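Small disclaimer: the values here were computed from a predicted structure and weren't measured. Letters A, B, ... are given to chains in the order of the sequence lines, protein chains preceding strands, and every chain is numbered from 1. Note that these values count all heavy atoms, side chains included, but never hydrogens, waters or copies made by symmetry.
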Protein chains: 2
Amino acid sequence: MLPQRRQRILAAIVEQYIETGEPVGSKALQNLPGLDVSSATIRNEMAELTAQGFITQPHTSAGRVPTQAGYRYYVDNLMQPAELGESDRRRIESGLDYRSGDPEQLLQTAGEALVDFTNFAAISTTPADEHAVIKNIEMVPVSPKMAMIVLLTSTGILKSKACRTDVPITVDLQDAFADIVRRNFFGIPLSDVNTVMIQTLVAGLGAKALSMSPLFVTIADLVEAASVSEINLSGQSNLLGYKEYNDNAGQLLDFLHREEPLGMLVSSGDSDTGIEIRIGSENRYKELENSSMIISKYKIGDNATGAIGIIGPTRMNYSKLVPSIKYLTDIISKFLSDVYEEESSSDEEES
Amino acid sequence: MLPQRRQRILAAIVEQYIETGEPVGSKALQNLPGLDVSSATIRNEMAELTAQGFITQPHTSAGRVPTQAGYRYYVDNLMQPAELGESDRRRIESGLDYRSGDPEQLLQTAGEALVDFTNFAAISTTPADEHAVIKNIEMVPVSPKMAMIVLLTSTGILKSKACRTDVPITVDLQDAFADIVRRNFFGIPLSDVNTVMIQTLVAGLGAKALSMSPLFVTIADLVEAASVSEINLSGQSNLLGYKEYNDNAGQLLDFLHREEPLGMLVSSGDSDTGIEIRIGSENRYKELENSSMIISKYKIGDNATGAIGIIGPTRMNYSKLVPSIKYLTDIISKFLSDVYEEESSSDEEES
DNA sequence: ATTAGCACTCGGAAGTGCAGAGTGCTAAAA
DNA sequence: TTTTAGCACTCTGCACTTCCGAGTGCTAAT
């Protein structure tokens, strides 16, 4: 634990650097409210902070800049989250599209709202709830030997895919399909659908197996697609503006375009302890060593299902962004819970 | 019409500049195959070309660089399209996802294939065929007072939206809905669905009007969404690498993020004369004055319905890109026509 | 423990000089 | 009349130096 005065100085350095982007020198801190010491004393403290690794100087004759450890100490011990003003709330909320009722749409627009609000890049994932169950499966004929299969889950995810059959689609076939689907798929968790399950099912069909198996394979594909949470990234071009990325912004953008690592990033949260802040190399990718992420998980009912957050330079206003993202997450959780929780307790009717 | 020799010199300048990105000087052209003149003569010709506005020099002691007019002349009169190699074709094709049968998916992946192939940004639009008709509309109950409405068109576009009703959804209601939909919507062109049509329909419903009108409003929304072609843009970050955008790449990316002008860009083609090349300020936006576009329209059957193309710096390899994009367009047209044309001649069966 | 004072260090801006590339022009050659 | 060789000229980009200001660490005094 650092001594009081040193803490205050560190906090001041971090906050001022966040605001101005310039290294901050000892003189600039002389008239900190409630800190009546000369610049020389401050210099001594700064030397200590430097020795302890919380701040550093870009070059001998420059002021100090927080190190990653400095940000971390600030975030853990010194920062006090800002109160969100009414106008901020409205700004965050205004971009959301919940009227469509589509969670994917909501998360997409939530990301964009964050982009507008923060001027950073935003990342969001659609719900991936292992407790989700199959709500409905429809077959819609498109041409004699082709049909669209539509899958709907209890978390509101809707996926569809075209499927070619080997034989013409008759009304009989449709009825049979609807019957099998109703008996074998409705209400079961997505995780129960897998290759083995499909194979045993097809094997049990007897004569019809040949003509219908493509349909069930398509169902498996759809379940797969619905289980995997989609990742939305937006506002990447905002990052170009920040001088910390100056010349190698392209490298960062390229990294962000690859989907795989992104999935890791949002999913790797230890638990559902709410909001998570990762500074610089705490994100385990070299490309992010100059970036920070603030990630928050949203829930449907009591299950954490997805995440939303931002990516930007380590020099970001944590004390304001944390409550903002928390606020947004709360809205999302509430809305999704309202819409998709009620169903689990009441789905008896069927088409 | 320029004299033979001057044409050849202009073509050489354009091609060499495209390849190297460096201004090309008179000496570099001395040993052009079949052009046996000294650098001095070439200098004279270059002076002429400069006077006519086809080339320019960045500064006194630099070589020449094509102007916009120079590129235009080259593209119109001098360029001869490259033959596509087998490997090129495979590279283009390999990224396409036509197995899903979903045109939106196909166009999306086609854009990404172009991004990989060209290292530029790609733009593509989903089919928007004014002749498309409604193929199917399904209502899928989600909770007592909420249903998903799913719309499918003859061009394979699938749209869905959640809809809240004022009264609980009963089996009766579903049957009534299915009946009305079948009678009033199946097989009619998208353009026939509008506010007036919906209002008269609802008015004719009598007692049921109140409970069902939200459903039909949702249908109108879906039709609207299906009529409008979606624009996919990808590979923007590729553009960062080109030095012609050096410091103001952010400006271009911001421009590309706004959707409205993009729609203009792809739709504004004069006619369906196949491929269209727009160089620099021929795109009417100031942000694109250093960029070129190559846009090609694809067709379903005989109707031009959407476009796909690239955006990059004016210094792009037109002679190779034009046939590549043409090839890709042909694949798309062929596939979409195969899948979605046959239906128009054969949709009798229904669920 | 704090402060004033001072020498020291370093980055960035501005200025200087130089080599190289490419041009336009002129006068001779074809 | 067209082409060519030769040359003076212009301009960029790079390397090098100089200089100023900001900020530091250290020392000696309070």
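- Here CD of B:Gln251 is found 11.5 Å from OH of B:Tyr245. Values are rounded to the nearest 0.5 Å.
- The existence of a salt bridge linking A:Arg72 and A:Asp76 is confirmed by a sub-4.0 Å separation between a basic side-chain nitrogen and an acidic carboxylate oxygen.
- A heavy atom closer than 4.0 Å to some atom of DNA chain C occurs in A:Val37, A:Ser38, A:Ala40, A:Thr41, A:Arg43, A:Asn44, these being the qualifying members of residues 37-44 of chain A.
- In the helix from C:dA1-D:dT30 to C:dA30-D:dT1, the terminal helix axes, each the rotation mapping four pairs' C1' atoms onto the next four within five end pairs, subtend 20°, rounded to 10°.
- Of the residues in residues 54-67 of chain A, those placing a heavy atom less than 4.0 Å from an atom of DNA chain C are A:His59, A:Thr60, A:Ser61, in numerical order.
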Donor-acceptor contacts, no H, no angles, side chain residues 80-88 of chain B, under 3.5 Å, sequence neighbours left out:
none

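- Checked against side-chain contact (heavy atoms from CB on, under 4.5 Å), B:Asn119 has the following partners two or more places apart in sequence or in another chain: B:Asn238, B:Tyr242.
- Contact check for B:Val37 versus B:Arg5: side-chain heavy atoms found under the 4.5 Å cut-off.
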Using the 3.5 Å cut-off, write out each protein N or O paired with an N or O of nucleotides 26-30 of chain C and the distance between them.
none

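- Looking only at atom types and distance, the side chain of A:Thr56 has no donor-acceptor partner in the side chain of A:Arg64 under 3.5 Å away.
- For B:Ala110, the side-chain contact (heavy atoms from CB on, under 4.5 Å) partners are B:Leu96, B:Ile308, B:Leu328, B:Ile332, not counting sequence neighbours.
- Shown here are the ring pair (Phe, Tyr, Trp, His ring centres under 6.0 Å) partners of B:Tyr318, two or more places apart in sequence or in another chain: B:Tyr71.
- A search for ring pair (Phe, Tyr, Trp, His ring centres under 6.0 Å) contacts involving A:Tyr327 returns nothing, not counting sequence neighbours.
- In the region residues 6-23 of chain B, proximity to DNA chain D at under 4.0 angstrom, judged on heavy atoms, holds for none of the residues.
- For B:Tyr74, the ring pair (Phe, Tyr, Trp, His ring centres under 6.0 Å) criterion is met by no residue, not counting sequence neighbours.
- Residues forming a side-chain contact (heavy atoms from CB on, under 4.5 Å) with B:Ser26 (at least two apart in sequence, or on another chain): B:Ser39, B:Ile42, B:Arg43, B:Met46.
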